[in-house]
Amino acid sequence: MKRKTSISEQIYRTLLGIYPHNFRQEFGGDMAQLFRDQCLERKAGRGWAGLARVWVQALFDLALQAPLEHFQAPNGKNLRQPKRSSGDSMISKISQDIRYAFRTLARSPAFTLVATLSLALGIGANSAIFSVVNGVLLDPLPFSEPDRLALVFSAFPDQDASHRSVSPLDLKDWKEQNQAFESMGGFPSVDSSGQVLTGEGEPQELATCYVTEGFFETLGVTPVRGRFLLPEDHVQGRNRSVVLSYSFWQNQFGGDPAVVGRSLRLGGEPFEVTGIMPRRFEFPNAETDIWVPESIIPESGIPRRRYIRWLYVVARLKPGVTFEQANQDMLRVTGSLARQYPADNEGLTAANIEPMHDILVRNRRTTLVVLFITVGFVLLIACANVANLALSRSDKKLREIAVRSALGAGRRRIVSQLLTESLVLGVLGGIGGLLLGLAGVRLLADLNPWDITSLAEIGIDLKVLGFTFLISILTGVLFGLAPALRSAFSDIRQALQEMGRSAGQAGPGLLYRRFLVVVQVGLVTVVAVAAGLTIGSYRQLHQVDPGFDAQDVMTMRINAPGYKYQGDQTKDYYQRLIEAVQEMPQVEQAGIVRPLPLGPRTFMGEGWSYLPEGGQEEDPSKLPQANIRWVSPGYFQAIGIPILSGRDYEEEEMDAVVINQSMADLHWPGQDPTGRQLKLLNQWKSVVGVVGNVRQMGFEREGQPTIYVHYQQNWRRGMTLVVRGSAPPQPLLQAVQQRIWEIDPDQPITEVLSMQSILDDSFSRPRATVLLLGLFAALALLLSAVGIYGTLSYLVQRRTHEIGVRISLGARLPDILKLVVGQGMILSLLGVALGLAGAVAATRFMSSLLFEVSATEPSVFAAVALVLLSVAALASYLPGRRASAIDPIQALRYE
Amino acid sequence: MQNEAAAQDLQSLLPLKPLVFQILLVLHDGERHGYSIVKQLAQESSGRQIAPGNLYRTLRTMMAQGLIEESDSRPDPLLDDERRRYFCLTSLGRRLASAEAARLEDLLSSARRRSLLSGSGGAR
């Protein structure tokens, strides 16, 4: 016993810190001592309730006295009663009401604690989610005037293609010929090899973004140090300039400002660091380490042809120009270019302009909105509970209110006093909620489920504080208004009589409570349905066969650096690499691929035109496009992609291709395509094998045609090594790395990931949504159960007399249960029915989050109804049992 | 002369806040420590317990005005062995208590004359 209060005492002593230093020095010890004495006395007398009372009183005391001590001097004025003159002003009334509210709340510590906790939970959840919504959806992008920014794509309207990349030559002409945009810039749309940094410790491949002129100007960001790339930095011969990202600068150079102006060795050549980007600038993604001029990529790397399209374009509208006008303008520009260059640009007769903001938040918007609405419901349910509690309390206070009313307190005054009490409670709940919300945001930042890279920075800012304060007040009004009005306007005398009679009829109190229960259950139903649908969707996601076998497969990125291996040397290097790794005894099968399915740099593949056997030749704009992926023989076996017909590549096969199921179905449905011909890169090749479709990005297996091309048919860098091994992963990995370094000790090996972890990661976003929605649904369910329990307890209490009569007339447990549980179930059924109807309407707009699950999936609705009704039955059962244990003699005496 | 000035000072402090007057009364019987004051006050006013902050701020102000002072600190034989700070009235404090009591007496005799309170004087 003594130990517990000394923890209490410790906490109290810490809290005393809010007093001014001198006062604390002098009286701190005495106050702590007194507190301890009071705790001991109350605990001995009234147990935990007593301790709670002392704590509540002490907290209010702290809240009131400490600020006063800071501002008031200990002079004689404070010993005498204040003069009357300030007694009637509005401020003094309000402050009187607030003090009165504190006192009454302190006198019912149980109610205050439970109510504050319920509200804190509801408000806290809302705060946390609002913080995220605020940071992601509402906060401006880190660019200047972001609403004028857009991404511009090449569009081929006849081919239904609207988000194609742009070639540098087209970009140059667009810039010169358009009248809608004040600037444009390009960045890569394909996965490009990074520059290898040497001379700063181990060689590293940096995530590199190759940008054109105008990129930085268009985005409108100010570097934290130095400058970004200017037009002269892009000129051949003088383009060895680099801009660093904030995170790279911190991680590699510890934030040393002297880095600007230094020379870094990239790709074996010295580059000058011209500037550092600000922390929030993570464009095109958070992994980007450096930005360099795209002109450093040689012609042999990417030929600068008008039909080789590899850029995405950012553009800034001129002030006053609308997106619609820009669309029209680009129609003109692209049309004119298509006429000018019919061979290259046929069909490219429009540009697709998308506002930047939409693109960046598109995926997350629906999820966040759903979560936001869900926590709103949770708060409403919490409010209903508190309203219930407040109602019970106002019943008890009816007598006191009667007395005060008789003493002349006007109706309005009573209402305002009661309302103040609710507001104070709301604000207390809000403070608790703010703390919980902060903790919640920290938690979300650690989990970072939606790849919101600036989540770590999202915290409580002014908007969130304001939001929390607002909903605290609204909450207070919401649950406080009805009981306050009822207390003030019902005929006091009649109400007192009615209470004494315990007539059991549906007085206004009972009706209101029943209404609250129905509303609560309805809200819970909607929340539970939403949660159930996401759970179902998640299960469906897991059912999807990824198309490969992730077990026992390691992957790592081996990017043969450009300054070491040129042209065919790259192919030779990879060949040596594969052979060496394949020889290892622990390795079952090795292969290389680009891009790796679901990997960190995954994309669908390079887009090339091809011509299937028997297709029409002469119309280049009508040629179908396929995704091109580079593989080595043995890759399919390494990663476990099944060969459905035909065979894998053999070594050095230059006129063979392997296609995927989708392509086979597209051109040769129902037949075996092996042996058929396909024209790729102006060469006819033979289909030697068909492999299964895989999940390349996203959750569905691709439906697009894909050609897996032997890597020797051209050369590419940035390949990912895929190793299937029988050994445990860590030793296997080390052995493979060892082998690779035996061939070339300077080779950077990056992105070492097991295929299983890549697969797991692909579920992280929906997983987070499921967890959160599930948590909120459980919370809502708990709160509702408490609400049902409370209301039925009240009902039992009101009808004690009647129940006593029934028992004395022979009613047994089942009969009483039928009475009580019956009440509970009727209300719950009503609530569930309304909730299901509401869910049908509401969930349709979250259908974009659902995978293979309809927004009105009957099994989910049925399961939710079942669970809720069971919980309601349980919550009703407990008061019912208590009711049956009523001593009829006591009950008959109960007034 | 000094008495008049002192009396002037006292009047300026009236009417006293109820809590201050009650503390003066409780200490009138003898010195007490904080917890004992709180308990006695609770007894005399229907169980309401004063919180530490409120109490010690008031005590501090009373000390600053010279109405009470600290006596020595020693353990209370009825409680545990911890040393507790004891407070006692000063002569100024006693006089102030008397002055406030007199003021209240004046008020009450007015009420008694009008038969609001049973007591000496006034018809039933």
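Each chain gets a letter, A, B and so on, in the order the sequences are listed, and its residues count up from 1.
Closest of all the heavy-atom pairs between B:Arg85 and A:Glu26 is NH2-O, 3.2 Å. Between A:Asp61 and B:Ala51, the shortest heavy-atom distance links the atoms CG-CB, 3.2 Å. When all heavy atoms of B:Gln49 and A:Arg42 are compared, the closest pair comes out as CG-NH2, 3.9 Å.
The choice from B:Arg84, B:Met62, B:His33 that makes the most heavy-atom pairs within less than 4.5 Å of chain A is B:Arg84. Per-residue counts of heavy-atom pairs under 4.5 Å with chain B were compared for A:Leu62, A:Leu34, A:Asp37; the largest is that of A:Asp37.
Of the charged side-chain nitrogens involved, at least one lies within less than 4.0 Å of a carboxylate oxygen, so that A:Glu69 and B:Arg57 count as a salt-bridged pair.
Using a 4.5 Å cut-off between heavy atoms, A:Phe60 does not touch chain B at all. Residue A:Arg107: no heavy atom, backbone or side chain, is found under 4.5 Å from chain B. For a residue to count as touching a neighbouring chain, one of its non-hydrogen atoms must lie under 4.5 Å from one of that chain's; by this rule B:Leu16 touches chain A with backbone and side chain alike. Contact of B:Leu19 with chain A is not made at all, since no heavy-atom distance falls under 4.5 Å.
Counting non-hydrogen atoms of neighbouring residues, nucleotides and ligands closer than 6.0 angstrom, the CZ atom of A:Phe469 reaches no more than 12 such neighbours.
Residues B:Pro52 and A:Tyr12 meet the side-chain proximity criterion, which asks for heavy atoms closer than 4.5 Å.
Here the straight-line distance linking atom CD of B:Glu70 with atom CG of A:Asp30 works out to 7.5 Å at 0.5 Å rounding. Taken to the nearest 0.5 Å, the CG atom of A:Leu64 stands 8.0 Å off from the CG atom of B:Asn54. Atom-to-atom distance recorded for B:Leu55:CG and A:Gln65:CD is 10.0 Å, nearest 0.5 angstrom.
Among A:Gln38, A:Gln33, A:Glu41, the single residue meeting the side-chain hydrogen bond (donor to acceptor under 3.5 Å, both in side chains) criterion with B:Tyr35 is A:Glu41.
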